[in-house]
Amino acid sequence: MFPYDQENIVAIATPPGIGALAVVRLSGKDLKPLYKEFTHKQPKNRFALFAKLYHPKNNHILDEVVVTYFESPGSYTGEDIIEISCHGGVAIKNSILQAAIDGGARLAHPGEFSYRSYLNGKMDLLQAEAVSAIISSKASLSAELSLYHLEGRVSKMLGKIKSKIIDVLSIIENELNFSEDEISLTSYSTICSMLEDVRSQINKIVDSSVIGKKIFSGIRIIILGRPNTGKSSLFNAILGHDRAITSPVAGTTRDTVESWFELEGVPVCLVDTAGVWKSKKQLDSLGVEKTLSELDRADLCLLVDDKNPNVLFKTQFMKRYQQHYILVKSKFDLALNPLTAEDDIIYTSSKENTGINKLLTSISTYILDNINLADHTHGYMITQRQRGLLEEASLCLNEAIEQLDAGIETDIVASTLNGFVVAIKDVVGEIPNKEIVQNIFSNFCVGK
Ligand SMILES: Nc1nc2c(ncn2[C@@H]2O[C@H](COP(=O)(O)OP(=O)(O)OP(=O)(O)O)[C@@H](O)[C@H]2O)c(=O)[nH]1
Ligand SMILES: [Mg+2]
């Protein structure tokens, strides 16, 4: 990991590309001199100043910006921070970045702001991992869960659990002072019930972890059907913009095309595929193979046909596809006899944008019926690393309870419980493990 050298660091905190605004962020031990060079004014803590921004060395005007100063230690990193909101063009943000470097700052590594925040005790590892999850979360519910962590509520809960076990350890120590290797019956039952209580709390966190569940990772919906039946047009109509190429020529879509949107707060990945047909051309049959492999990964399939999707399903897919599906008749505007509607088919026209809302309602129903949205309110967002440590901690408790039951010497029980405390400290990063810390922060983006 990068050393904590307290050098002034700078990064563009907003994503690449052109936007209305961009944010350039600096952190360092003492940014007052640089602030004065940038603005020709004295910094005021937590004050957003609308001002001209000057190059610190040659005094050229760089842009008109809003610059906010956060004085150490009351900032995200615990150091002095300058946040510059500038105009969003590529040239302007780069010239401000270069000006900061000319003023003595260096480019920040990915995650270095959060790393400094962690080193200065502003957040623990649980919260750092939540920051990372917020940045990468695709939907509102998972972002909300990550925020829950960012507020440190789970860390506090683990803190309480840890101090409960430390209480148990001190009861044991007291008893041992009183008698060499025996603990009294009342202390024994108090200790056992405390350990069982903590074990059930830990197991609750592990069991309700939402990592890997659909609410977090999202669901995959595949659009399947014969060539030229309007699959890509339907894909675009659902998304509300032209993402996939459509044309009257059969075999237009050769490779799968994916796009994410959000429904009921859950991330949804919609997959447009090449039509399924028998073809002698190698490229076409590769596309078909890819479609069929996508089918196995899907949670839900939209089976599209411009004639009768029910017949298509029964003749081609019933044997192969066991998961949920929705039958969609496409190009309904061309139907000769629109009155012969079957109940289990959704009739759509991408051209006239009809039936699309009904289809979205049907997908929402699938989500509400199949995804436990309670995960969102009761779930905990823990990573694989945290989960492994909590499981280890729970095993320590099992062992300690067994040792107590078997009447094993109390100092051995105490050492098992110490193992528990170490595992809990590891979860929140109280015992810094260089490799783990490096791994967590290196997954961050630059500027965070
Ligand atoms: N009238 C009408 N034409 C449609 C509709 N949807 C698609 N089409 C037309 O049907 C043709 C094929 O549409 P695509 O969306 O490219 O079909 P596809 O199933 O993705 O085709 P492949 O990728 O080749 O398998 C195009 O000419 C579209 O304009 C519709 O709702 N009504
Ligand atoms: Mg297509």
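As the structure lists them, so they are numbered: ligands from 1, and atoms in each ligand from 1.
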**Student:** Angle between ring planes, His40 versus Tyr54, binned at 30° and 60°: parallel, tilted or perpendicular?
**Tutor:** parallel
**Student:** Consider only side-chain N and O atoms of Ser247 and Thr252, and report whether a donor and an acceptor are under 3.5 Å apart.
**Tutor:** yes
**Student:** Do we see a donor-acceptor contact under 3.5 Å between the side chains of Asp80 and Tyr69?
**Tutor:** yes
**Student:** Can you confirm whether the side chains of Asn94 and Gln98 place a donor and an acceptor under 3.5 Å from each other?
**Tutor:** no
**Student:** Using distance alone, with no hydrogens and no angle criterion, decide if His324 and Asp299 have a side-chain donor and acceptor under 3.5 Å apart.
**Tutor:** no
**Student:** Can you list, by chain and residue number, every protein residue with a non-hydrogen atom closer than 4.0 Å to ligand 1?
**Tutor:** Pro227, Asn228, Thr229, Gly230, Lys231, Ser232, Ser233, Thr246, Ser247, Pro248, Val249, Ala250, Gly251, Thr252, Thr253, Gly275, Lys331, Asp333, Leu334, Ser349, Ser350, Lys351
**Student:** For atom CG of Leu49, decide whether the heavy atoms of other residues, nucleotides or ligands shown that lie under 6.0 angstrom number more than 12.
**Tutor:** yes
**Student:** Tell me, please, which residues at least two apart from Thr246 pass side chain to side chain contact (heavy atoms under 4.5 Å, CB included).
**Tutor:** Ser232, Ser233, Asn236
**Student:** State the count of protein N/O/S atoms located less than 2.8 Å away from the Mg ion (ligand 2).
**Tutor:** 2
**Student:** Is it the case that over 12 heavy atoms from other parts of the model lie below 6.0 angstrom from the NZ atom of Lys57?
**Tutor:** yes
**Student:** Taking side chain to side chain contact (heavy atoms under 4.5 Å, CB included) as the definition, give me every residue that meets it alongside Thr77, ordered by chain and number, with sequence neighbours left out.
**Tutor:** Ser27, Ser75, Glu79, Ile81, Phe113, Arg116
